[in-house]
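This report refers to the structure that appears directly beneath it.
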Amino acid sequence: MASTFNPDANLSWDAELRFKRTAPKARPATATAAPAASTGQLRNGAGVPIVGKRTNTASVDHRHAARVDREEEDFHRKVIPLDVGRAIMKARQDKGLTQKDLATKICEKSTVITDYEAGRAAPNQQVLAKLERALGVKLRGKDIGQPLAPRGSAAKKA
């Protein structure tokens, strides 16, 4: 047989409900906790201990900062000299190429050509070799800006 719910059957308004309570856990005292000053001490002007906020000493490492300041290492990166950039620009204009056309010819982005001409690019020997072949101008070593010597069978005939 199914039982039906009757709210008055189990509890009445006068019945006491008791719940099991667990004892509160004791918290350990912290090292920075100061004894609380009573109101009377505050009124009388008695000395009240003041505890400063603790800082994270691991985040402030003065020894590391001093070591970094003492370093004499040069963090400047090597860039293309301006005379190489001017030689690229002059050879490109003599051939009637735009930066985009030259970049397409050597399979690089146009920003690479812009950076090389402005002297902002880090020297990459592969890119310089492609530029030398495309422009027919020497860009590395001595005689920067001079025409390249012919390669292959043309060099043997001369």
Side-chain angles (χ1 to χ4, degrees), residues 19-158:
F19 296 100
K20 184 178 176 184
R21 279 195 174 169
T22 58
K25 294 181 182 179
R27 292 185 179 177
T30 59
T32 60
S38 67
T39 310
Q41 287 176 330
L42 292 173
R43 283 192 199 123
N44 294 333
V48 178
I50 298 174
V51 177
K53 182 179 177 184
R54 292 182 72 187
T55 59
N56 186 0
T57 57
S59 66
V60 181
D61 188 7
H62 299 289
R63 292 174 295 169
H64 176 68
R67 185 174 61 231
V68 170
D69 288 342
R70 284 192 303 268
E71 284 182 358
E72 296 178 6
E73 190 173 344
D74 189 16
F75 292 108
H76 297 288
R77 66 184 185 121
K78 192 173 181 182
V79 293
I80 294 291
L82 283 177
D83 57 340
V84 174
R86 288 189 193 114
I88 293 170
M89 187 184 307
K90 184 177 182 304
R92 176 181 59 82
Q93 289 173 347
D94 289 346
K95 289 209 171 220
L97 297 172
T98 63
Q99 289 180 344
K100 186 176 179 180
D101 294 338
L102 179 59
T104 305
K105 194 171 185 178
I106 66 167
C107 300
E108 294 288 338
K109 294 182 180 179
S110 62
T111 56
V112 172
I113 306 301
T114 305
D115 290 343
Y116 271 81
E117 287 184 359
R120 292 187 301 255
N124 184 343
Q125 298 302 317
Q126 292 175 338
V127 174
L128 286 171
K130 288 186 213 178
L131 285 169
E132 283 180 340
R133 286 193 300 270
L135 297 172
V137 174
K138 189 168 181 176
L139 299 174
R140 298 178 286 179
K142 297 178 182 178
D143 302 327
I144 293 174
Q146 298 300 318
L148 277 178
R151 294 181 62 183
S153 61
K156 291 177 186 176
K157 291 180 183 177

Distance from [X] atom [atom1] to [Y] atom [atom2], nearest 0.5 Å?
X      : Y      : atom1 : atom2 : value
Leu131 : Lys105 : CG    : NZ    : 11.0 Å
Leu148 : Arg133 : CG    : CZ    : 10.0 Å
Ile88  : Lys90  : CD1   : NZ    : 13.5 Å

What's the shortest heavy-atom distance between [X] and [Y], and which atoms?
X      : Y      : value
Gly145 : Ala87  : CA-CB, 4.1 Å
Ala103 : Ile113 : CB-CG1, 3.7 Å
Ile80  : Gly85  : CG2-N, 4.3 Å
Leu139 : Leu128 : CD1-O, 4.2 Å
Tyr116 : Ala122 : OH-O, 3.4 Å
Val112 : Glu108 : CG2-OE1, 4.0 Å

task = Applying side chain to side chain contact (heavy atoms under 4.5 Å, CB included), run through Asp94 and Leu135 and close with a yes or a no.
result = CA-CA 9 Å; Asp94 289 346; Leu135 297 172; over 6 Å; no
Applying salt bridge (charged side-chain N to carboxylate O under 4.0 Å, His left out), name anything that partners [X], two or more places apart in sequence or on another chain.
X      : answer
Lys100 : none
Asp101 : none
Arg120 : Asp115
Lys138 : none

task = Output all residues satisfying side chain to side chain contact (heavy atoms under 4.5 Å, CB included) with Lys95, sequence neighbours left out; order by chain, then residue number.
result = Leu97
request  = Tell me, please, which residues at least two apart from Glu117 pass side-chain hydrogen bond (donor to acceptor under 3.5 Å, both in side chains).
outcome  = Arg92, Gln99
query = For Gln126, does the CD atom have more than 12 heavy-atom neighbours from other residues, nucleotides or ligands under 6.0 Å away?
reply = no
